[in-house]
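Okay, structure first, notes after.
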Amino acid sequence: MGRIQVLPDILASQVAAGEVVERPASVVKELVENSIDAGARRITVEFQRGGARLIRVTDDGSGMDRSDALLCLERHATSKIRESGDLAAITTLGFRGEALPSIASVSRFRLSTRRREDEAGTLIEVSGGKIHEVQDSGEAPGTTIEVADIFFNVPARRKFLRGEQTEAANLLQQIEILAVAHPEIAFTCIRDDREVFRLAATEDLAVRLRDLHGEAFLKKLLPVPPVDQGGVRVHGWIAKPGEGRGDRTLQMTFVNGRMIRSPALSLPLREACDGVLAKGLHPPAVLFFEIDPTAVDCNVHPAKREVRFRDPAAIRAAALKAARVAWEGASPLAGASASVDLGPGQDPLFPPISKPAWAPGSVSQREFEVQELESSRIAEIPASSGFSSPVSGLSAPLFLGQLAGRYLLFDQEESLMLLEIRAARERILYERFMVRLGQGELESQRLLLPEVLEMSPADIAWIDAHHALLKTAGLVAEAFGRDSLKVDAIPAEATSLPVMEIVTRLLDELRALPDSPTLNHSSREALAATVSRLAAAGARLPSGEEGARMLLRDLMACELPYATPKGRPTMSQLSPGELQRKFQA
Ligand code: ADP
Ligand code: MG
């Protein structure tokens, strides 16, 4: 007698029915999770045409006997829970007994399976939910499931599939998540008959992360030693202070082995970074939370991506502690990239880094190459720019000097006016880019020698799928082998940044855009904002008084001079009254 039992109706109704099969990536998730539950040591995922044509998952797990193989295609057939009490403490990945029948009902489905102890295995062919064929098969122990022509019989659903490249990128990302959750399992991934990766089994999560994302990624992380906090155990890896990304694709949080995206997990991680990481950036992390299974309800979302915590406060405390423990003793500069604002003294964790030097008329202690601000368009400062005072008066502001390589100081009719150089550049470039995008693409600068970068297959798939968008941003790049990217040209204004930084930052931010085949106004705005931020980050200091004045004039010629596209102020002012109050004069 096999191990699978049909769920009694009463239990079946406790398990909220839902759609499991959304897209090829969700099929892969269900199949691979079944393989993991079956104790597989090696799992191979093959797919063709973004998974729409074929998905094949092969494992060396327990396999099924014939009666189980037939039964697993029935609704609510599961070997994983027997009675409603089990629902409260789920430890396997699957438990609904819904995935296989759902998948088999919308595809041409082939299951071949053999237990080690059985002489012959079983092959079952199903098409659109109807069993066509049951026969002996003689394959290696384990299970192979093929899902071909997904949604072939449900054209309405097929229409919702995105382009092949997008589906492939989703699918690869899903496999990456599963591979990170289970370094002890060897994973092979084959896309359109080409091997994308082959990951050896390892006991060491760091090895798995390196195999997937490269040495450079691993170097950005710090280990989180096991932390115990209020019944929650956490361990894993988290980015060094200052290493952030504009999206959360590299933030993987697992609860009892299941990848979960939840504000209950991501908010405390972001909170831990306050003062260390600029707003809008998120720390890459791979964190495993272990909690009492009865304290988490994973039966909230049909694909089990969301959960409800009985005690979110305990989760928050554990996440905060994990980040702090990892960062203890880590020098703030160790991981801080140039793009990150580590304001002196902003965070009690880290002592101030350097004292700003008051250096009128000279460049501060930081070494910056000085360069004329290229400015083809020095407009007159509009007298009616609407700003309460600085430059609308008749007398031009008097340039006082630069501070800390970051601010320009002006005397504006006895007020002290501070202009933040980077924010000002961002605004100026943004408005220029908007004009250019209205006409076509942003300018790009060809590299003398193409640069080859190591990247994850998921990133490469995304880049392949978004060629046109990247070209519009001025980046010309293509896949080069299975885990490298060849970059031929970069945005013309951003040439002083390392190519790797340009690519990862563009990728981070552009990924957050809604996927749309053509650029509309709001995606043009987002693109212009992204590239202007990049270009401003790499821009050099304006040289001397002349450069400072040009920057101010260019800024005041903008339509909205007083803030960056993201709302950061470009200027600030201390009035004579405010100055007097400060000195109690
Ligand atoms: P669930 O995972 O929720 O139990 P599924 O529909 O995904 O439901 O699978 C039904 C049952 O089929 C599982 O409980 C398991 O017993 C069996 N099964 C599915 N895939 C495999 C596999 N790769 N190896 C062994 N058994 C499997
Ligand atoms: Mg399952």
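Indexing begins at 1, ligand by ligand and atom by atom, following the structure's order.
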*Can you name the ring pair (Phe, Tyr, Trp, His ring centres under 6.0 Å) partners of F151, sequence neighbours left out?*
none
*May I ask you to list the atoms of ligand 1 that are less than 4.0 angstrom from any heavy atom of S62?*
25 (C)
_Heavy atom of M64, distance to ligand 1 below 4.0 Å_ = yes
*Residue part near ligand 1, for L100, under 4.0 Å between non-hydrogen atoms*: both
*For ligand 1, find out whether one of its N or O atoms is nearer than 3.5 Å to an N or O atom of E30.*
no
*Compute both the distance and the angle, then confirm whether R108 meets the cation-pi test with F152: under 6.0 Å from the six-membered ring centre, within 45 degrees of the axis.*
yes
*Indicate, as side chain, backbone, both or neither, the part of D37 found under 4.0 angstrom from ligand 1 when only non-hydrogen atoms are considered.*
neither
*Spacing of I43 atom CD1 and C189 atom SG [to the nearest 0.5 Å]*: 12.0 Å
*asked:* Testing L506, L510, L507 one by one against L475 for a side chain to side chain contact (heavy atoms under 4.5 Å, CB included), which residue passes?
replied: L506
_Atoms in ligand 1 with a heavy atom of A99 nearer than 4.0 Å_ = 6 (O), 7 (O)
_Set of residues satisfying side chain to side chain contact (heavy atoms under 4.5 Å, CB included) with respect to P226, sequence neighbours excluded_ = R233, H235
